[in-house]
Amino acid sequence: MIIKDIRINNFRSYYGNNKLSLSKGLTLIIGDNGDGKTTLFEALEWLFDTTGENRKDSHISEKRKSELEIGESDEVSVNITFEHDGEKEIEKCFTFERISEDNIRTKDYKFVGYFIDGTERHSCAGDRLLNTCFEPVIRKYCLFKGENELNVFDNDTALKTLVDTFSGIKEFDKLVELTSNFEQKSANAANRELQNDKKVSKQAKELNTQLNDVTNDIQSIKTELRQKELSINEFSSKLELLEKNQETSERYQAIKERIKGLKDKRAKLVAYSSCEYSTNLLDEYWILRSFPAIIKEFSAKVSALSKEKRILDKQETERRAKEAGVREAISKIQKLANDAVPLPWNLPDEATMKEMIDDEICKVCGRSAPKGSDAYEFMCHKLNEYLDHIASEVNKNSDTKENVEKPLFPNSFINELHSRQIKLSGDTEQEISNIAITISDRLEFVTKRKAELAEVDKQLQEMETEQNDLLMQSGLSSELLDKSISDLRGFFDAKSRAESRFSELETTLKNKESARAEIQEKLSQLEPTSSMTQVYQRVHTAFEKITKAFANAKEQNVNNFLQMLETESNKYLQTLNKNDFYGIIRIRKTINNSARIELYSDNGTRIENPNGALKTTMYMSVLFAISQITTLKREQDYPLIFDAPTSSFGGFKEDTFYNVIDTIDKQCVIVTKDLLNIDKTTGRKSLDFDTINKLSCSVYQIEKVEPFNDKDLSTIQTVVKQVR
Amino acid sequence: MIAEKLYDLWANRNPLWEKRYEDSIIKNFCDYGRGATSLREDRGKVFGGGYEIFIVAFFMGLYFNQKRPLTGDTQKRKTFGQPIQYWGNLDSVKGRKAYPKLREYIFTALVARTDIDFIALEKGEMTSRKAVDMLMQTMEEYANWGFHFMEDKLTDSPNYFFRETAFLEVFLAFNASIAKSIDEEEPESLD
């Protein structure tokens, strides 16, 4: 099928009748965002949809709809004429009618095909014609929206479908099934006979037991192999996904780190800015902020008391000293006539004195001292003095005792207060004076930290918003991105473990299979007595060989197909990446019978994460190759239609790309905004004729008709202009 | 015999306070009457033991220099279970720091602000018990005024003291070097 014309009528922004004529090779349709590129693509998708009646209101041109008066009607239609064993046409359409101010009714849905038989034009069911000329299987490889849909092997059944469509393998399937059925039955029959055979029964039984064991082993090894391969694939695709999202992941990790840093900072600030204002009054003695004045009061009071006490003490001392002085003076007055020093008061003693007075004689000098004489008087006086002294000593002693028991200040509370005063002065007083400064410093500190906290909260919120935006944009889960770094190593390890186990199992499997072959060989070499048993044996051997042949042929067929696809793909890859690195495409069959497209360097290293443009050209090469094979196998062609496939290309790459596509002998429609220059100041769009003029393809420009109301969909109209 | 100290005599005492503040203030801000004080945070109380709010009330009275005599009705007065000498030890209270020296400052303030004839006390003409009674009275009357002040504030605005900085603000309102400014005494002559 080669499309000649596309007609779009009142389909969304395609108001009225619009026609594009496609060339057999490349047709470029250039338009900016919102100019109707995707609408064109979706119009074709709608046309190629054979799943049932589909007439959505949203398909109707808003502009046309807004023009309709009540009772008036018009038609939405998409139509292609194409070459496929002669010219044919397919049209899908429906009528829409305004039935009230607010309501539009759709009706008369038609999907019709037209073909020319001889000279007559016939109509038929549109879906039937489409399915005949453009099989649903092939249609899968026709329409591609964006770069992400280009990997045709993204779904598991893709390879099978391809192989089924383009190789004769389906026929093989029946034969493989049939022969293996025969093989099984003949094996059972041969075995039964062998075990009943007198001669070899025992051996046959033994061999069969061995065969069963080894077959079971092989079965379980195969199961494990399949599991391992599945997990290798799973780890590979996870690693691939992680690599694909490396940039997002790195950005995500950076944001995460930043958030973590901010949260740590926040926690510190929260700790710094929290203050136990009330308990600090006690615990930190903040309550003493105004205490210095009290200390002064205390100090003044204690000083005064101390002084007063000392004054009183001094006065008392003076008074007592005076009394003592008087006593001393009196004793000093009593002197002898010739200034001689008198005897001590206790000489002679009381008894001697009394004896001398009684005897009226001085027994010291031996002279008589009659009563009334001076000497007698002297002795009497001396005795009195003695007695007085004794008495006064007694009195004096009692006086002193009284004075010790009754000091002026028996208590020393003022001293206690005084030492407290001394303790308070100096460093302690300074400490208390500093409390006011401590409090104001602390309050200032807390205020500043609180301000910082508010700032951090703001930043944190911004970061979290950025993180969410990133998740939204990438469409990846935070779990996956979280795993990126931490699990990358784990995935690698798990993958390599699975890989080494896989190769171990492969070796074991090989051994087991050869053991089985040996046992089977032995079984077949048993020489039973019964000739009938021999026949059974031979029949089974024959079926076994046939079954193997078919199974191998089927396998070979798939491999050949993949080989061919690979070869063709590499041709396109080389062409599409002219003057650039491109590598080698390998299409690898996976355990679940799907395939993976991988890129390798010449030296055998797999290129795990090719750049966007290389990846796109890789997938496109495979698509071109499929199309090429279709042409070869089915002798029919079909168009490849891409919507914005080159968004990851750079300017230079774009130019080369279009130049190359232009020369490929294949109908290809590319809807793109490449080759459109937009003046950044005026917003005016102009085509890149420098590049366009080097191409030989048809070029269309689609754009919105100006002026339009940017809020009113009914003012939007796409016009199609043929540039060349 | 070791001479008895006024401080020790005072620290052995339990000050009186009016029962009417028990519910409205003491239990409101302290863990008074509920056992261990280590759960202060859990219970959302501002202070721990009941004496803590008493100290706060006392300092309010002190700095405002306002006393308020306690009711004469002994039925309407109460003491805390802990004599002053244990106040502020806080050995086992999580998140708090002991403040034993505060007792000494309270004593200092009481001496400064109580009109005791210390000469008579020193001469033995007045008993130490009488002097300590007078110190206690000053303490109780200052605190009583403080409680009254808090009650006033709470009547106007029940949540007044539940603001984080409310208690601190009361104390920040005083000049750091306030009250009766007493001129330095002239240095005593040395002869």
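Labels below follow one simple rule: chain letters A, B, ... track the order of the sequence lines, proteins then strands, and each chain is numbered from 1. Note that the structure is predicted; figures quoted are calculated from it, not measured.
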Inter-residue atom distance [X].[atom1] - [Y].[atom2], 0.5 Å rounding:
{"X": "Tyr7(B)", "Y": "Leu417(A)", "atom1": "OH", "atom2": "CG", "answer": "13.0 Å"}
{"X": "Asn65(B)", "Y": "Glu297(A)", "atom1": "CG", "atom2": "CD", "answer": "7.0 Å"}
{"X": "Asp283(A)", "Y": "Leu102(B)", "atom1": "CG", "atom2": "CG", "answer": "10.0 Å"}
{"X": "Lys423(A)", "Y": "Thr108(B)", "atom1": "NZ", "atom2": "OG1", "answer": "8.5 Å"}
{"X": "Ile106(B)", "Y": "Ile287(A)", "atom1": "CD1", "atom2": "CD1", "answer": "8.0 Å"}
{"X": "Leu9(B)", "Y": "Phe413(A)", "atom1": "CG", "atom2": "CZ", "answer": "6.0 Å"}

[X] portion near chain B, given a 4.5 angstrom heavy-atom threshold:
{"X": "Leu312(A)", "value": "side chain"}
{"X": "Phe409(A)", "value": "both"}
{"X": "Leu408(A)", "value": "both"}
{"X": "Lys301(A)", "value": "side chain"}
{"X": "Glu284(A)", "value": "side chain"}

Ignoring hydrogens and angles, tell me if any N or O in the side chain of [X] forms a donor-acceptor pair with the backbone of [Y] under 3.5 Å.
{"X": "Glu164(B)", "Y": "Tyr277(A)", "answer": "no"}
{"X": "Glu122(B)", "Y": "Ile414(A)", "answer": "yes"}
{"X": "Arg289(A)", "Y": "Phe174(B)", "answer": "yes"}
{"X": "Lys5(B)", "Y": "Glu416(A)", "answer": "no"}

Might you confirm whether atom [atom1] of [X] has over 12 heavy atoms from other residues, nucleotides or ligands at distances under 6.0 Å?
{"X": "Tyr86(B)", "atom1": "OH", "result": "no"}
{"X": "Lys123(B)", "atom1": "NZ", "result": "yes"}
{"X": "Glu455(A)", "atom1": "CD", "result": "yes"}
{"X": "Arg319(A)", "atom1": "CZ", "result": "yes"}
{"X": "Glu318(A)", "atom1": "CD", "result": "yes"}
{"X": "Asp115(B)", "atom1": "CG", "result": "no"}

Part of [X] within contact of chain A (heavy atom distance under 4.5 Å):
{"X": "Val170(B)", "value": "neither"}
{"X": "Leu172(B)", "value": "both"}
{"X": "Glu104(B)", "value": "both"}

> Counting heavy-atom pairs under 4.5 Å to chain A, which of Phe29(B), Phe167(B), Phe59(B) comes out on top?
Replying inline: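 Max contact count across the listed options: Phe59(B).
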>> Out of Phe107(B), Tyr105(B), Phe118(B), return the one with the most heavy atom pairs under 4.5 angstrom to chain A.
In response: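 Sorted descending by pairs with chain A, the first entry is Tyr105(B).
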> Does a side-chain heavy-atom distance below 4.5 Å link Leu443(A) with Thr165(B)?
Replying inline: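 No. Closest side-chain heavy atoms not under 4.5 Å.
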> With a 4.5 Å heavy-atom cut-off, do Ser278(A) and Phe47(B) have their side chains touching?
Replying inline: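 Heavy-atom side-chain distance check passes, below 4.5 Å.
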>> With side chain to side chain contact (heavy atoms under 4.5 Å, CB included) as the criterion, how do Phe298(A) and Arg113(B) come out once you've worked through the C-alpha distance, each side chain's angles and the decisive distance to 0.1 Å?
In response: CA-CA 8 Å; Phe298(A) 174 81; Arg113(B) 293 282 176 88; over 6 Å; no
> Hey, mind stepping through Lys101(B) and Glu431(A) against side chain to side chain contact (heavy atoms under 4.5 Å, CB included) and telling me if it holds?
Replying inline: CA-CA 13 Å; Lys101(B) 280 200 301 196; Glu431(A) 268 171 40; 4.2 Å; yes
Which heavy-atom pair separates [X] from [Y] by the least distance, and what is that distance?
{"X": "Ala112(B)", "Y": "Ile294(A)", "value": "CB-O, 4.1 Å"}
{"X": "Ala98(B)", "Y": "Tyr285(A)", "value": "O-OH, 4.3 Å"}
{"X": "Gly124(B)", "Y": "Pro410(A)", "value": "N-CG, 4.2 Å"}

>> Test side chain to side chain contact (heavy atoms under 4.5 Å, CB included) on Arg96(B) and Leu282(A); report intermediate values, then the result.
In response: CA-CA 9 Å; Arg96(B) 294 289 305 270; Leu282(A) 307 172; 3.9 Å; yes
